[in-house]
Amino acid sequence: MLLDNHNRHINYLRLAVTDRCNLRCNYCMPSEGINFVKNDKLLSIDELITLSSILVEQGIDKIRITGGEPFVRKDLMVLLRHLKSLKGLKDISVTTNATLIGPYIDELKTLGIRDINVSLDAIDRATFERITRRDQYDVVHENLIRLISEGFNVRINFIVLEGQNEQDILSILELMKHYPVSVRFLEEMPFNGGSKSFQTIKWDYKAILKHITDAFPNYVKLESPKTSTSINYQIENHKSTFGLIPSFSRTFCGTCNRLRLTATGDVITCLYGKPKANLRDIIRTKKSSKGVKEAILKAIASRAKTGFDAQKEHATVFDNSMTSIGG
Ligand code: SAM
Ligand code: SF4
């Protein structure tokens with residue numbers, strides 16, 4: 001079992017399988033993209049398999065595949081098939097922009113990988129294209145509806161962006177009220193590849209809740225697991241639920257159970273902090289699991305208590321993009 005220096009049980013790995021992406025969401029990276037790393041710096045599928053197996057041996061029982069866009073990686077299913085075979089791994093999920101998932105839906109279903117988070121920050125086509133800087137609206141909607149109708153457990157991640165998509169908050173709830181999905185509204189974080197250094201945000205979770213409940217006053221708060229990052233609600237007569245994720249306000253650090261591994265093998269113990277070790281270099285040089293295990297134990301033994309403490313590791317601007325950290 002992995003315990004950090006604040007006695008938090010770490011059982012959840014967010015595994016970024018690539019830093020590449022076919023969209024250019026403006027809150028995530030600049031229009032020209034970021035300096036994507038060279039192919040040989042990315043973990044190979046064999047290395048991803050090795051590292052995830054070691055982490056599961058150490059006590060990780062939940063893995064979320066993220067990126068970049070996971071499905072730009074043509075060999076992704078090889079990793080997922082392997083993860084499915086790992087004893088001790090109870091929960092496998094994927095976060096995707098839903099542009100490229102179509103051809104893989106049948107196999108995901110067969111494998112029993114049913115928890116899919118779809119990032120969708122607009123239901124209006126023009127707003128979607130402005131935010132993502134790409135013309136992929138139709139395929140995203142088609143895949144989203146297909147995932148829902150084929151019985152996947154779908155959660156929509158919607159980042160509320162000042163001046164960009166506020167008008168879609170209520171519309172997405174209206175549209176989704178007919179479907180058994182969860183729409184989670186996230187606060188924007190300053191990881192867009194370099195230009196953001198905001199100290200406050202207009203759309204924090206309290207402002208989002210007020211905006212929603214002014215329009216839908218009949219709602220209930222739902223029970224959520226202790227380690228959940230979202231505070232969840234349901235509006236009367238809606239099949240869907242909605243959640244608020246205080247990713248900028250960071251109210252959930254006290255129960256954080258997460259570890260992140262980037263596509264280049266960096267170990268990140270808090271989204272707001274700096275990498276604490278590089279596992280790619282260790283497996284490429286030492287070729288043994290012992291060094292990897294030691295590096296993980298060392299990293300989680302010096303975890304910042306909160307995202308605010310971790311933030312002090314940076315100067316004012318976060319030069320990182322979420323596409324390299326994995327969200
Ligand atoms: N490409 C996939 C996707 O978009 O779902 C997976 C990777 S993406 C980096 C993971 C999550 O990070 C997405 O839900 C995305 O919305 C979120 N994200 C990216 N940049 C963010 C930012 N600046 N603030 C908050 N969330 C962000
Ligand atoms: Fe790509 Fe996801 Fe970043 Fe959008 S949020 S640019 S889909 S990695």
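Quick note: residue numbers are just sequence positions, from 1. Each ligand, and each atom within it, is numbered from 1 in the order the structure gives. Here the structure is a predicted model, which is why all the values come from computation and not from measurement.
The shortest N or O to N or O distance between Pro190 and ligand 1 is not below 3.5 Å. At least one N/O-N/O distance between Ser119 and ligand 1 falls below 3.5 Å. Among the atoms of Asp121, none of the N or O lies under 3.5 angstrom from an N or O of ligand 1. Note: no N/O pair closer than 3.5 Å links Gly327 and ligand 1 by distance alone. No N or O atom of Asn192 sits closer than 3.5 Å to an N or O atom of ligand 1.
Atom numbering of ligand 1 starts at 1 in the shown order; those under 4.0 Å from a heavy atom of Met189 are 22 (C), 23 (N), 24 (N), 25 (C), 26 (N). Listed by atom number, the atoms of ligand 1 under 4.0 Å from Glu187 heavy atoms are 25 (C). In summary, the atoms of ligand 2 found under 4.0 Å from a heavy atom of Met29, numbered by their order in the structure, are 6 (S). Atoms of ligand 1 lying under 4.0 Å from at least one heavy atom of Phe191, given by number and element, are 23 (N). Those atoms of ligand 1 that come under 4.0 Å of a heavy atom in Thr66, given as number and element, are 6 (C), 7 (C), 10 (C). Using a 4.0 Å cut-off to heavy atoms of Asn97, the atoms of ligand 1 that qualify are 2 (C), 3 (C), 5 (O). For ligand 2 and Asn97, the ligand atoms under 4.0 Å from any heavy atom of the residue are 7 (S). Residue-ligand proximity, Asn157 to ligand 1, at heavy-atom distances under 4.0 Å covers atoms 14 (O). Interface atoms of ligand 1 facing Glu69, defined by a heavy-atom separation under 4.0 Å, are 1 (N), 2 (C).
In this structure, the protein non-hydrogen atom closest to atom 17 (C) of ligand 1 is Ile159 CD1, 4.0 Å. Shortest contact from atom 3 (Fe) of ligand 2 to any protein heavy atom: Cys28 SG, 2.4 Å. From the protein, the heavy atom lying nearest to atom 6 (S) of ligand 2 is Cys25 N, 3.3 Å. Protein heavy atom in closest approach to atom 21 (C) of ligand 1: Tyr27 CD1, 3.5 Å. Nearest protein heavy-atom contact of atom 9 (C) of ligand 1 is Met322 O, 3.4 Å. Nearest non-hydrogen protein atom to atom 8 (S) of ligand 1 is Gly67 O, 4.3 Å.
Under the 3.5 Å distance criterion, with hydrogens and angles disregarded, a donor-acceptor pair is assigned to the side chains of Ser230 and Asn232. A donor and an acceptor atom, one from each side chain of Glu188 and Trp203, are nowhere located under 3.5 Å apart. Inspection of the Arg250 and Thr306 side chains reveals no N or O donor paired with an N or O acceptor under 3.5 Å. Asn153 and Arg114 form no side-chain donor-acceptor contact under 3.5 Å, judged by distance and modelled atom types alone. Inspection of the Asn26 and Gln164 side chains reveals an N or O donor paired with an N or O acceptor under 3.5 Å. With hydrogens and angles left out, the side-chain atoms of Ser53 and His82 include a donor and acceptor closer than 3.5 Å.
The existence of a salt bridge linking Arg258 and Asp4 is excluded, since no basic side-chain nitrogen approaches an acidic carboxylate oxygen closer than 4.0 Å. Ion pair Asp138/Arg125 flagged as a salt bridge, since at least one NZ, NE, NH1 or NH2 atom sits closer than 4.0 Å to an Asp/Glu carboxylate oxygen.
Below 30°, between 30° and 60°, or above 60°: for Phe71 and Tyr104 the angle between ring planes is below 30°, a parallel geometry.
No donor-acceptor distance shorter than 3.5 angstrom exists from the side chain of Asn218 to the backbone of Glu236, with no hydrogens or angles considered.
Not less than 6.0 angstrom separates the ring centroid of Phe185 from the ring centroid of Tyr205.
Contacts between Met322 and ligand 2, counted as non-hydrogen atom pairs separated by less than 4.0 Å, are absent for every part of the residue. Heavy atoms of Ile325 found under 4.0 angstrom from ligand 1: none, in either backbone or side chain. Contacts with ligand 2 closer than 4.0 Å are made by side-chain heavy atoms of Cys21 only, the backbone lying farther away.
Using a non-hydrogen distance threshold of 4.0 Å, Gly326 registers as a contact of ligand 1. Residue Thr95 places a heavy atom less than 4.0 Å from ligand 1. Using a 4.0 Å cutoff on heavy atoms, Gly68 counts as a contact of ligand 1.
In this structure, Phe242 and Lys177 have side chains that are not in contact, with every pair of non-hydrogen atoms separated by 4.5 Å or more.
Partner Glu69 forms a side-chain hydrogen bond (donor to acceptor under 3.5 Å, both in side chains) with one of Thr323, Thr96, Asn22, Thr99 and no other, that one being Thr96.
For CG of Asn35, the number of neighbouring non-hydrogen atoms (other residues, nucleotides, ligands) closer than 6.0 Å is 12 at most.
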Could you walk me through whether Glu107 and Lys84 pass the salt bridge (Lys or Arg N to Asp or Glu O under 4.0 Å) test, one step at a time? CA-CA 12 Å; Glu107 186 172 2; Lys84 220 32 224 181; over 6 Å; no
